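Written below as C-alpha cells is the structure these notes are about.
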There are 4 protein chains.
Amino acid sequence: MGTTETTGVERRWSRRKEARPAEIVAAALECFAERGFAGTTLDTVAARAGVTKGTLYLYFPNKEELFKAVVRESLLPHLEGVLGELSAVPDDPAERIRRLFGFFADRMLDSPLSVIPKLIVAEAGNFPEIARFYLAEVVSRGRGFLAGAIRQGIERGQFRPIDPEQAAYVLLSPMLLAVLWQRSLGPFDDRPFDGKALIRTHLDVFFRGIALEPQPPDREPRPS
Amino acid sequence: MGTTETTGVERRWSRRKEARPAEIVAAALECFAERGFAGTTLDTVAARAGVTKGTLYLYFPNKEELFKAVVRESLLPHLEGVLGELSAVPDDPAERIRRLFGFFADRMLDSPLSVIPKLIVAEAGNFPEIARFYLAEVVSRGRGFLAGAIRQGIERGQFRPIDPEQAAYVLLSPMLLAVLWQRSLGPFDDRPFDGKALIRTHLDVFFRGIALEPQPPDREPRPS
Amino acid sequence: MGTTETTGVERRWSRRKEARPAEIVAAALECFAERGFAGTTLDTVAARAGVTKGTLYLYFPNKEELFKAVVRESLLPHLEGVLGELSAVPDDPAERIRRLFGFFADRMLDSPLSVIPKLIVAEAGNFPEIARFYLAEVVSRGRGFLAGAIRQGIERGQFRPIDPEQAAYVLLSPMLLAVLWQRSLGPFDDRPFDGKALIRTHLDVFFRGIALEPQPPDREPRPS
Amino acid sequence: MGTTETTGVERRWSRRKEARPAEIVAAALECFAERGFAGTTLDTVAARAGVTKGTLYLYFPNKEELFKAVVRESLLPHLEGVLGELSAVPDDPAERIRRLFGFFADRMLDSPLSVIPKLIVAEAGNFPEIARFYLAEVVSRGRGFLAGAIRQGIERGQFRPIDPEQAAYVLLSPMLLAVLWQRSLGPFDDRPFDGKALIRTHLDVFFRGIALEPQPPDREPRPS
DNA sequence: CATGAATGAGATTTCATTCAT
DNA sequence: TATGAATGAAATCTCATTCAT
C-alpha cells in the first residue's frame, strides 16, 4: 500500500516529496515539545524524521520557520475537526459544554497534539507571532464557545448569573492543567494522574456550582 | 581602609559583595523565565545582574547549576513564609482554603516568583532533579494541604463526598492558569485579565459546587 | 512522433538539445562575471540557463570545469574573429593599432565578452590554468601585436625610439580600464563614462606622444 | 619593547585587545586579496591572524562586516598620507602629476595595499557600499586631482586643450594596469614586469602627447 | 574578587554533487 | 536526456567556559 515497494533493503536514498514535510513536522513537534525551541538541535529533528539536516532546509528556510510551521500545521487540521464537532451540537448549553470536554478528553488528552500548550506556554515570549496565532485560533475560540454557552444558560434561567468570561477561564483551567501535567511534572510524580477523572469531577463541581436551584433534585425540600 | 573591616556600620561596598549571589539569582530568574534555559545566554544574565560573565562562575560552577540554584533559592525563602502563614490558620476547612488562595492572590500573583511555574512547565523534562524538587516542595504540599482540607470538610459534613485528590487539582488549576497566562499569552491578548477576580469566581463556584446542603441558605424553603 | 526523427526540418526541440551546452556557458558567464567563481551557486547558473542543477552535470563534470569551459569557450570563437580581422590589415603601423582599437571599441566593449577581463583579474590566482590560457591566447597576442607595430613604426622612422613592450602596456591599459570600469565601479558612479571617447583621446595623446616630428604638421613654422 | 615579555614559550592564550583588530584586518586583507570574498574561509583568516574563529566574532559581527572593515580600514590611514603628500605640492601642474605618480610608484606599488584595486574590481558588484566608498574616497579624489591639474595646465597654456576628465582616465589607467597585473596575471607570466618603468614611459609619452608646442624645444624652427 | 579577551565545541546554514525516477 | 529530492561535507556563527590580568 506504500508508494514504494517495501523491500527488506533499507534505502539510503529515497524520493518522497509529498510525505516529507509532514514527517519533518511530526518529528519536530516531538523534539520541540521535549526540549523546547532553543534546546532542540536540528540534528535531532533530522534524525527523528529519518533525513539529513540538509533536507530540512529543502522544506523550511530556517529553524524558526520550522517551529512556526510545526505549531500551525499541527493545529490547523484539528481545528477543523473541533469546529465540525461542535457545530453539530445540541441546543442545551450544559450539553454543549459537556460535548467540548468530551471531545477534549477523548481526542486531545492522549494525542501528540497535547504537547502544544506546553510549547506555547514556554515559547510565547520568544514567538509573538505564534502566541497571537494560538490566541486567535485556539484560546479565543474556546473561550468564546464556553462563554457563549454559559451566557445562554444564564439567559435561559439554567445557570445563576455569573460573569461568563470568568467562568470560561474557570472551565478551561483544568484542561490546561491536565495537558501540562502530562507533559511536565506528571512523569516525575509517583501518584497516578487521571485526566479524564479530573475533567469529570471538575464538570460535576462546576455545574453544581453554577446551578440556579438547590442541587440534588432527588432530595425533598424540607417541610417547615 | 581594609577590605573586610567589620564595623557596625554597613558599607555599601561590602554589602554589595555579599549581595552578589542573590542579585545574580534574581537576574537569572527573569532571564530564564523570559527565554527558557537553553534560550538564555549567560551574557544576558551577567548584563542584567550588572556583572561580567566571568563573575557568574565565581558563584556557580556552570549554567545548569545556576539554573537549579535559581529555582531552589527563589522558592525556598517563600516556602517558609507560606507554611508559617498556613500553620496559623483557623480550624475551618473552607477558611483554610480561602486563606491559601488569599495568600496566592496577594503575594504570589504579582511577584517575580510567579514566573516559576512557567519555568517548571517548560524545563521539567530537561531537569528531572528540579522537577522532583518542585513536585515535593511545592506541588505535593499544596495538593496535600488542599486535599487535607477537603477531606476534613467532608468528614465534618461541610462538603459533599468527592475525591479529595481530584478536588485539589480542580482547586489548583485556576491558580496555574492565572500565573501562566500572565507570563505567556496574556501580554498578547487585548482583553484585560484579572487573576484575582478569576480566583474569586472560582472559589465561589467551587464552594457551591461541593456544598452538602442546597446552597442559598438565605433562600426560604418553598412552602408545600 | 519519434523523439529523434531526423528530418531536414529543424525542430525547436532537437535544436534546443544541441544548444544546451552553449546556453549553459552563456548563463554561467554572466553569473561568474557578476559574483565571481566562489560567489556563484550552480542553482543560479541553472536557473539562468533555464535548466535544473542536475543538467549541468550532464555537460560539465563539476563547477571548476564549467568555469574553465566558460572562459575558454567564450573566448575561442572571438579569437578567430580578431585574428582574421587583424591579418587583413594595412601595412602602416599606426593604422594597424587604430584598427585593433576600432575593433575593440566596436565589437568588444559592449559585448557580453567584456566581462572576461574582470573574471580573469578576480580568479587568476585561483585558476592558474585559466590565467596561463588567457595570458597566452589574449594578452601575449595583443601585446605582441602592439609591440610589433610599434617596433615597426620606430624602424620606419615614424615613431620616436621607445621600449615597444612598455608602449604596448601603455596602449593596452585604457582598454583594460574601460572594460573593468563598466563591470565594476561604473554602475555606482553618477558621472557617465564613455569608453569609446576614452579610447579616442588615448590614441590621440599616444600618437602625438610617440611622434618623431614636432606634432601639428598643419601648423606653419613660425617666421623668424 | 612589546607589551608582554617575549618568552621563548608560545602562549596558547594571550590578551591583546588593542592589537587584535588590526592584526585580523591585515590577515583578512591578504586572504580576501588572494581568494576573493566568497572564496575566503574564516578558518583561513583566523589561522593567518593567529587566533581562533571565535575571536573574529569578538571584533566583527560577521564575515561581510569584516570585509567592509578591511577595505575601509586598510585605506583610511593611507588616504591621510596621500592627501598630506599632495597638498604640499608645487604649483606647476605637470609637477603635481609627477608627484602623484612618484608617490604611487614608491609607496603603493609594492605595498600590501596594492591588492585593494583587485578586490574592488572583483567585489564591487557584491558590495555596493564598498564600491561607493572606494569611488568617493579614492577614485573621485584621484580623478579630481588629475583632472584639476590638467585643466590648470591648459588654462596656463602649458597643455593643449583636451577633455580633462578623459585625460584623467588616460593617466590613471596604467596605474590600474600595474597594480592589477602584479596581483593577477603577472605571477604567471615569464616576462618580467616593471611597473615603475611603465609609469615612467607612460608619463613621458603622455606629457609629450598633450604638449602645446612641438616637443623638442632644442630643435630650431625650420626657416622657410 | 572581578574582569573580559580568548577559546573551542557544537550549533545553524549553505551548496556542490549524487542518483532514483 | 533531464529532473530535482536528497545528501553530506564544509562553511558561518554562537556561546558556555577558561584564565591571564
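Since the structure is predicted, the reported quantities are computational estimates derived from the model, not experimental observations. Labels below follow one simple rule: chain letters A, B, ... track the order of the sequence lines, proteins then strands, and each chain is numbered from 1. Any value given below was found using the heavy atoms of this structure, including those in side chains, with hydrogens, waters and symmetry copies removed.
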Nearest-Å distance for atom pair CZ/P, residues C:F32 and E:dA16: 9 Å
For E:dA20, the Watson-Crick or wobble counterpart (both distances under 3.5 Å): F:dT3
Proximal nucleotide (of E:dT7, E:dT12, F:dA16) relative to the B:Y57 side chain: F:dA16
First of A:T41 and B:V51 reached from the 5' end of DNA chain E, by closest nucleotide: B:V51
B:E64 or D:K63, whichever maps to the more 5' nucleotide of DNA chain F: D:K63
Whichever of B:N62 and A:G50 has its nearest DNA chain F nucleotide further upstream toward 5': A:G50
Contact under 4.0 Å: A:T55 side-chain N or O vs F:dA6 OP1/OP2: no
Watson-Crick or G-U wobble partner of E:dT12, both distances under 3.5 Å: F:dA11
Touch class at under 4.0 angstrom, heavy-atom based, for D:T44 against every strand present: nothing
Salt bridge (Lys or Arg N to Asp or Glu O under 4.0 Å) partner of A:D43, chosen from A:K63, A:K53, A:R48: A:K53
Listed nucleotide nearest any side-chain atom of D:T52, set F:dT17, F:dT12, E:dG8: E:dG8
side-chain contact (heavy atoms from CB on, under 4.5 Å) against B:R72, all qualifying residues, sequence neighbours excluded: B:K68, B:E129, B:F133
Base of E:dT3 paired with side chain of B:K53 (donor-acceptor, under 3.5 Å): no
